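Here is the structure we will look at, set down as structure tokens.
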There are 2 protein chains.
Amino acid sequence: MTRRPSQARDRGIPDATVARLPLYLRALNGLAERGISTVSSEDLAVAAGVNSAKLRKDLSHLGSYGTRGVGYDVQYLIYQISRELGLTQDWAVAIVGVGNLGRALANYGGFVSRGFRVAALFDADPAVVGERLVGMAVEHTDGLENVIENRGVSIVVIATPAAAAQQVADRVIAAGVTSILNFAPVVLNVPDGVDVRKVDLSTELQILAFHEQRKADRETGSSMMAEAMDA
Amino acid sequence: MTRRPSQARDRGIPDATVARLPLYLRALNGLAERGISTVSSEDLAVAAGVNSAKLRKDLSHLGSYGTRGVGYDVQYLIYQISRELGLTQDWAVAIVGVGNLGRALANYGGFVSRGFRVAALFDADPAVVGERLVGMAVEHTDGLENVIENRGVSIVVIATPAAAAQQVADRVIAAGVTSILNFAPVVLNVPDGVDVRKVDLSTELQILAFHEQRKADRETGSSMMAEAMDA
DNA sequence: CGTTGTGAAAGTGTTCACAGCT
DNA sequence: AGCTGTGAACACTTTCACAACG
């Protein structure tokens, strides 16, 4: 099995680009709602909060979908990006852990725009099992493997306490899941071929604190420091 | 004013490194709890899920805190990283928007380990205002500016619906806030000097869907596609 | 004309591999 | 003897600037 680091030439869209496609898609949907049918890279870039050269290079990885001198057709670009992201099919998502966060996720905007469907909710707590949420009964984690296979769940969201997350991951991976979105503050150990994305509130706050501290330092006694550093 | 692109020599820690420090800190806290007092870059790297060369280079930006032939002192490194991240002081955080997500955030682990304190909760809905949550009454967003200034809030978490997010951002920035953690699915427009970090469920799911689709393509009819592509 | 698509340059991040220290 | 700290090589990403084209 040829295993180049990643990317390869075979239609490889850079990771940095993939991470921005959802952003463009949202900006395009906003334009479409306002009845705009054509957009230049400059205008779309502003709407998405990036610079226009980057946007053009990103889109060029998908193909040549623009018209020189004119711009991009909004609807057509929405379709192409959706297609590339795999949103033209519906993905069955299971949420494991129905605490505050799990509830928030389940309720979040009809789950999310298009492309995803909450197919199951799980919790280990018998007091929560049976509760109805977004038209769906919470099931006990005992049934995890069966339900995942029967309902074709391909993406699992882990919103359990940290202590339970690795065990949940092991079980859903054993059941065939290869995409996990992890909200628990632990590093999941997974085999090759399984994608994990992590969302971590405390990490984000700590990064903000770092920059905030920098800004504070710069205001008090900064010239002193600068001189000492220059020497 | 000399303005090298960014970084410069003046103590500039690369962004990529800053983003990993919280990870190392968590891994170190785990080791400390298990009574481990010294750790090698290799072991710490495994615990944090990165490779050891990267870990060593990251730590080298903070200073020379290891001992050759031995490793790093766990407590000392915890202190140095905490210091660098600005966690040796307490940051007052305000959460705006007390829906499902806001509640989840407010309840999340006593907010988060150390360094942060929920100083205010705001909502625009009179039905929610007055409700008590983590020992704190939800206040009306009318008082945003006053409360931020009086309680020294320096980080604001926006957990409102998309439509309200920009307006909230404008107001808290006018009140002096320069660090925002945004959970609303919009690109916030902010002036220079204000840091925004964005957490976005639907973006994360879309990125997973992209990779999931790739994996699926590779299993079915991949050779056919590859040939068509090569031509 | 105006705007895309893209080579080339610049900048940033990661990994290798080993000298240097304990 | 073992492990850190780091130059040098490599890989990836962003930005520039302009030729190509509708």
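Heavy-atom basis, side chains included; hydrogens, waters and symmetry copies ignored. No experiment lies behind these values; they were computed from the predicted model shown. Residue numbers begin at 1 in each chain, while the letters A, B, ... track the order of the sequences.
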### Task
Please check if atom CD in B:Gln167 has more than 12 non-hydrogen atoms from other residues, nucleotides or ligands closer than 6.0 Å.
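Not more than 12 within 6.0 Å, no.
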Report the distance from atom [atom1] of [X] to atom [atom2] of [N], rounded to the nearest whole Å.
X	N	atom1	atom2	result
A:Lys54	C:dA10	NZ	P	19 Å
B:Glu42	D:dG5	CD	P	15 Å
A:Leu59	D:dT15	CG	C1'	16 Å
A:Arg20	D:dC12	CZ	P	15 Å
A:Leu77	C:dT4	CG	P	11 Å

### Query
To the nearest 0.5 Å, how far apart are CG in B:Asp170 and CG in B:Asn189?
8.0 Å
### Message
Quick check against the 3.5 Å criterion: does B:Gln75 have a side-chain atom that pairs as donor or acceptor with the backbone of B:Ser37?
### Response
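Side chain of B:Gln75 to backbone of B:Ser37, a donor-acceptor pair under 3.5 Å: no, none is there.
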With a cut-off of less than 4.0 Å, is there a side-chain N or O of [X] near OP1 or OP2 of [N]?
X	N	answer
B:Tyr65	D:dC3	no
A:Tyr72	C:dG5	yes
A:Lys57	C:dT6	no

Ignoring the backbone of [X], work out which of [options] is nearest its side chain.
X	options	result
B:Thr67	D:dC16, C:dT4, C:dT22	C:dT22
A:Arg68	D:dA20, D:dT13, D:dA8	D:dA20
A:Ser41	C:dT4, D:dT15, D:dT13	C:dT4
B:Ala16	C:dG5, D:dG5, C:dG13	C:dG13
A:Arg56	D:dT13, D:dT4, C:dG5	C:dG5

### Query
Do the charged groups of B:Arg26 and A:Asp200 touch, with an N to O distance under 4.0 Å?
yes
### Query
Between B:Ser60 and A:Val70, which is nearer to the 5' end of DNA chain D once each is assigned its nearest nucleotide?
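Nearer the 5' end of the strand: B:Ser60.
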### Query
Between B:Leu21, B:Ile81, B:Leu25, which is the residue that forms a side-chain contact (heavy atoms from CB on, under 4.5 Å) with A:Gln206?
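Answer after filtering B:Leu21, B:Ile81, B:Leu25: B:Leu25.
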